[in-house]
Amino acid sequence: MIVSAASLVDRVLLEVERATDEVVDFTAAMIRIPTVNPPGEYYEECARFIGGRLEELGFAIEYFAAEGRPEHTARHPRLNVVGTRAGLRARPTVHLNGHFDVVPAGEGWTLDPFGGVVRDGKIYGRGSCDMKAGIAAAAFAAEAIRRAGVPVPGAIEVSGTVDEESGGFAGVAWLAEHGRLSSTRTDYCIIPEPLNVDRVCVGHRGVYWFEVAAHGHIAHGSMPFLGVSAIDGMGQLLQQIRDELLPVLAERRTAVPVVPPGARQATLNINGILGGQPVDGIQTPCVADTCRAVFDRRFLLEEGFDATRHEIEALIDRVRARMPRVRYEVKDLMVVHPTRTPDDSPVIAAIEHGVERVLGRKPARVASPGTYDHKHVARIAGVPHCVAYGPGELEQAHQPDEYCRVDDLVNSTKVLALAILELTGAIRL
Ligand SMILES: [Zn+2]
């Protein structure tokens with residue numbers, strides 16, 4: 001039953017417009033539940049609030065506590081919610097996923113970060129754009145279709161999940177590992193992260209976090225020649241990273257459209273370093289016998305993880321050759337593989353068609369400089385047809401006075417509604 005009825009599209013878009021106040025109120029109400037991560041405050045309250053709202057909108061609700069995850073505790077339970085609206089047929093299923101955890105408010109706010117203040121066409125608050133507005137957009141995209149009375153051939157799912165900001169292991173990864181998000185039941189996934197209303201995000205770079213510990217030999221600080229300084233050993237590593245590795249990384253460019261342009265290359269950041277005795281404690285004259293540092297290497301799809309890790313090992317071997325008395329240990333902390341949606345994926349096309357229809361321009365395809373739950377959808381659930389598209393500006397995420405523009409919210413709700421209709425085969429745009 002494929003119809004290309006402009007009137008049908010217009011009816012759905014009109015229902016989104018009519019629901020503006022409800023979408024804004026839903027977003028603001030979620031902002032007022034301070035789901036700060038870490039440690040994961042008020043997750044249960046927020047999951048049940050989202051579930052209750054979805055139920056009012058006609059979804060069948062399931063809750064999933066992340067049993068088996070160490071961070072799922074009695075004090076800070078990890079509760080996820082999935083709402084399903086059955087269609088005329090079971091498939092295809094379009095799953096819209098948003099994380100409801102938010103990063104801490106931080107300094108510099110001029111209004112209450114958890115007040116859900118709506119002013120001058122903007123919804124303010126921590127998590128407004130990243131990404132409670134996205135959850136509201138997903139819910140009301142489906143609702144506008146229902147209110148317009150459009151029969152949908154496939155199923156629509158909307159989920160609210162935890163812990164994206166800390167890796168998503170008790171959230172989307174848990175749902176994927178337990179088969180609730182899976183290629184056997186999920187055809188398309190859209191994550192309404194704030195990547196700007198006219199951009200569709202098709203993946204992200206890889207992440208390799210590793211720790212290097214340098215071990216020296218303690219001695220009296222008045223006779224440092226009798227010891228081996230671990231700080232000196234770490235200094236040698238840092239120098240070789242700067243002189244040998246960073247220039248090479250800067251030359252490597254990915255064909256994946258990562259934004260901003262500076263993130264199109266391979267990068268390395270030093271997250272932290274700790275060596276010798278604490279500098280604000282009482283000092284004793286000692287040669288530092290340990291020094292540890294944590295590194296954040298963002299690698300490109302074209303590089304791959306094995307080559308990335310091998311390059312680090314080879315570099316450290318060259319450092320060892322120069323510093324034979326220092327012992328270096330390397331420990332992997334986290335690996336996230338790069339992800340990219342296939343160019344010809346129907347989910348990209350559906351978002352592009354929706355943006356063209358709603359905003360009158362073709363959206364840019366971008367990839368994220370960081371990482372988000374896309375990786376779990378693609379790698380664990382095995383669903384390749386996943387993109388991020390949602391309301392809010394990327395630059396607003398994690399900032400003081402974070403906001404989402406109401407017109408962005410309405411427009412992206414419209415785009416999501418049209419994408420759902422196209423992906424389920426209700427219309428062809
Ligand atoms: Zn986010």
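Just follow the structure's listing: the first ligand is 1, and inside any ligand the first atom is 1.
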Looking at E62 and R180, is any side-chain nitrogen of the basic one under 4.0 Å from a carboxylate oxygen of the acidic one?
yes

Ring center gap for F64 and H178 short of 6.0 angstrom:
no

Looking at Y43 versus F100, is the centre-to-centre ring distance below 6.0 Å?
yes

For a distance under 2.8 Å, give residue and atom name for each protein N, O or S atom next to the Zn ion (ligand 1).
H99 NE2, D130 OD1, E193 OE1, E193 OE2

Cationic tip of R297 within the cone over Y208's six-membered ring, i.e. under 6.0 Å and within 45° of the normal?
no

Taking the six-membered ring of Y389, is NZ or CZ of R199 closer than 6.0 Å to its centre and within 45° of its axis?
no

Could you check whether E71 pairs with R78 (Lys NZ or Arg NE/NH1/NH2 to Asp/Glu carboxylate O, under 4.0 Å)?
no

